[in-house]
Number of protein chains: 2
Amino acid sequence: MLDNLMGIEKQNKNIKATLRDVARVAGVSSTTVSRVLNDKPNVSDAIKDKVQSAIENLGYSPSPTARALNTGRTYTVGALVPTLDNAIFARFLDALEKRLTFHNLNLVISTTDEDPKTEVQNAIDLLNMGAEALIVSGEIRHPDFDQLISRNRIPVIITSYFTSNSPYPSIGYNNAQISKIALNHLFDRGHNSIAVIHGPTKHNDRTRERLKGIQEDKRFSSITYHEADISIGSGCAAARLIIRQKGRPSAIFCLSDVLALGVMFELSRKSISIPDEIAIMGFDNLSWSAHTNPPLSTIELSVASMGIKVADELNQRLNKNKPIQSQALEGQLIIRHST
Amino acid sequence: MLDNLMGIEKQNKNIKATLRDVARVAGVSSTTVSRVLNDKPNVSDAIKDKVQSAIENLGYSPSPTARALNTGRTYTVGALVPTLDNAIFARFLDALEKRLTFHNLNLVISTTDEDPKTEVQNAIDLLNMGAEALIVSGEIRHPDFDQLISRNRIPVIITSYFTSNSPYPSIGYNNAQISKIALNHLFDRGHNSIAVIHGPTKHNDRTRERLKGIQEDKRFSSITYHEADISIGSGCAAARLIIRQKGRPSAIFCLSDVLALGVMFELSRKSISIPDEIAIMGFDNLSWSAHTNPPLSTIELSVASMGIKVADELNQRLNKNKPIQSQALEGQLIIRHST
DNA sequence: CAAGATATTGGAACCGGTTCCATATGTCAA
DNA sequence: TTGACATATGGAACCGGTTCCAATATCTTG
């Protein structure tokens, strides 16, 4: 019977039923089916039932793309992040995704490894798949980016990094100021000569800002800088260099807890006591940082709440058409026993 | 001039130019514009130029949704994972996303916290936004799920978990067998009485399978089981219980490196030497596991290569229409100094 | 130079929903 | 009984691309 109504070919070719098929089987117009599908008023119960059972019989489910074409909405936002394989970004995205889902928005993630070309290419891909907004990590300086955005008239939101000098709103940290908080703490503890271990600065605004904040502080008699990949092994290696240098510093400020962990392992191997001989300060407050030996003093960036704020602003913008508000978030000093 | 051609309203209302606008401005048909956009043959260079500059002038960019409606493709796959805030899943997704991008596919991530209802609801959302395939973590037992899939006729792939008893293909680990590898190692080292610390088993196939593998092993005189949340603090707490129990085990097998790390911290605080007094075996081989003191023996699940394999199969299925091949992946025993 | 092959170009249908607007039916007060 | 108005329902255009197929122009080749 269905065969007759739908045409045998359709059954055989295993083609999905369309709204018009449902209309035909139910003996109503497509307008009515659409009304039933979207719970619109002015449909009698009798017809509603007929349509429902036609839907049931045909195993019909509406086409998301056709819907998107009409409504102009995909309910999708894209996020460009350096990597997922980093606790900080993962924590941010986890909170972001949950909150976006709460607002009926979907998250497409695209990783860039901090490479500007990949960043722009992935931004293009995200727009091509219908993203309604873009979340980026730090400013994107590639010249094509701005043009891409203005062509597509799409909201952009900068995260992890707060700036008031960008055409785009930002929700993130004033990284320079936050590293000063750590420096104040070290200074208060009487440290005068310190070493800083940081991740790659190339294409990384966050790290550069943190370093800028440190460089602006003139109170210390000596600050040495050490660039390392964000890995425990690199932290170990950097620590080896630092403890060998003449005029060994009394404190090491690691711009990532991962590096700090490496340093602690290395110092422990060398039986250098923390914080008596060398104090260690981290950055990120990863989940294990409270459990190291001694527990690591660090800086907490509440990236989960950043995720929530970003999702909320996107919801305002996309679902209520209100402009996005920039927000500068605070870092919090967490004093434990490594300093 | 553009005003005249496009109609002043369009300019004022700031409406995006469409392909037909481009056609009008360039003085050609929409077919031709489409040809130019898609690099199709049989367009003269002169016309190609005219179209290109019309596109430029109007700041035109094609509508992804209209395209999707025609081609029937969204180039999007959805992944349902328990959480992003877990190194193992993050590492998997990082590799998966990169490889999918390589295959011209986009990844939408949806987190479920292992809750079956959320899982199904999010699956619905993913399909509603146009996902062409679904990646799930372990089997989904909610009754609505199978119906949803058959209605939408969408490929599903089970990951992290290998099974041959599912209607869906799976690419993952035989968790039961892998925990046996660890047990063999402990047995070979002469351990006879062991404690097992594992994460929540509710709704978690992976953990249950790992436990099943352990329970099938009858060689040990005593095995005690301790459930804990996957966190360092819970690992510490579980360790406290275990070292207090009568007939203290000679080895602790943690079904997650995170738990193992907590145990090591606790034992270190209690000055219990590893592995002499108690041996520790982990599971996951997280990045810091090689750097603990002593370095942690563990099991490596190459989740990054799992991500690549999943992406490759999806590419075969979606872009070449070949069936998905199930694959059982091997875990690798990594012997360091904690056992 | 004519006939046939090949390269260009456009008209119009189509993808699968949504929505504007017209029509039909029903209700109630005057 | 009739006019005014609310409720149900359908016809057809529309969203913005893609593509089938027909029409025209250009190029070969005998």
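Here is how names work: the chains are called A, B, and so on, in the same order as the sequence lines, proteins then strands, and each is numbered from 1.
- In this structure, the side chains of B:Ile135 and B:Leu80 stay at 4.5 Å or more apart for every pair of heavy atoms.
- Between B:Thr31 and B:Ser34, the side chains place no donor N or O within less than 3.5 Å of an acceptor N or O (distance only, hydrogens not considered).
- Counting heavy atoms from C-beta outward, B:Leu107 and A:Ile109 have side chains that stay 4.5 Å or more apart.
- Note: CG (B:Leu19) to C1' (D:dC14) measures 16 Å, nearest angstrom.
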Should B:Asp205 and B:Arg141 be marked as a salt bridge (charged side-chain N to carboxylate O under 4.0 Å, His left out) after you check the CA-CA gap, both sets of side-chain angles, and the distance that decides it?
CA-CA 10 Å; B:Asp205 292 334; B:Arg141 300 238 173 57; 3.2 Å; yes

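- Distance, A:Tyr75 OH to C:dG17 C1': 14 Å, rounded to whole Å.
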Set out, in order, the CA-CA distance, both residues' side-chain angles and the distance that settles side chain to side chain contact (heavy atoms under 4.5 Å, CB included) for B:Lys50 and B:Ile55, then state yes or no.
CA-CA 9 Å; B:Lys50 266 205 288 187; B:Ile55 289 176; over 6 Å; no

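- Taking atom CZ on A:Arg24 and atom P on C:dG17, their separation rounds to 12 Å, with Å as the unit.
- Remark: A:Asp113 engages B:Lys98 in a side chain to side chain contact (heavy atoms under 4.5 Å, CB included) (not counting sequence neighbours).
- For the pair A:Arg206 and A:Glu114, the salt-bridge criterion is met [side-chain N within less than 4.0 Å of a carboxylate O].
- With rounding to whole Å, A:Asp39 atom CG is found 17 Å from D:dA8 atom C1'.
- Contact check for A:Glu132 versus A:Thr76: no side-chain heavy atoms found under the 4.5 Å cut-off.
- For B:Asp21 and B:Arg24, the salt-bridge test passes: some basic side-chain N is under 4.0 Å from an acidic carboxylate O.
- With contacts defined as side-chain heavy-atom distances shorter than 4.5 Å, the pair B:Gln316/B:Asn321 does not qualify.
- Between A:Lys48 and A:Thr32, the side chains place no donor N or O within less than 3.5 Å of an acceptor N or O (distance only, hydrogens not considered).
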Check the pair B:Val310, B:Glu313 against side chain to side chain contact (heavy atoms under 4.5 Å, CB included), reporting the backbone distance first and the verdict last.
CA-CA 5 Å; B:Val310 169; B:Glu313 286 296 320; 6.0 Å; no

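- Taking only side-chain nitrogens and oxygens, B:Ser29 comes nearer than 4.0 Å to OP1 or OP2 of C:dG10.
- Contacts between residues 61-71 of chain B and DNA chain C, counted as heavy-atom distances below 4.0 Å, involve B:Leu69, B:Asn70.
- For residues 29-47 of chain A, there are no salt bridge (Lys or Arg N to Asp or Glu O under 4.0 Å) pairs, not counting sequence neighbours.
- Within residues 40-51 of chain A, the residues having any heavy atom closer than 4.0 Å to DNA chain D are, in order of number, A:Asn42, A:Val43, A:Ser44, A:Ile47.
- The interatomic distance linking B:Lys16 (NZ) with D:dC15 (C1') rounds to 14 Å, in whole Å.
- Within the 4.5 Å cutoff, the side chain of A:Arg317 has no heavy atoms near those of the A:Asp312 side chain.
- Between B:Leu37 atom CG and D:dG16 atom P the separation is 15 Å, expressed in whole Å.
- Between the axis at the start and the axis at the end of the helix from C:dC1-D:dG30 to C:dA30-D:dT1 there is an angle of 40°, using five pairs per end and rounding to 10 degrees.
- Looking at heavy-atom distances under 4.0 Å, A:Val33 makes no contact with the nucleic acid at all.
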Return a single string for nucleotides 20-28 of chain C, one symbol per nucleotide in 5' to 3' order, where B is base contact, S is sugar-phosphate-only contact and - is none, cutoff 4.0 angstrom on heavy atoms.
B--------

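- Distances shown here put every side-chain N or O of B:Ser34 at or beyond 4.0 Å from the OP1 or OP2 atom of D:dG17.
- Note: CZ (A:Arg73) to P (D:dG16) measures 16 Å, nearest angstrom.
- Per the geometry, CZ belonging to A:Arg20 stands 11 Å off C1' belonging to D:dG11, to the nearest Å.
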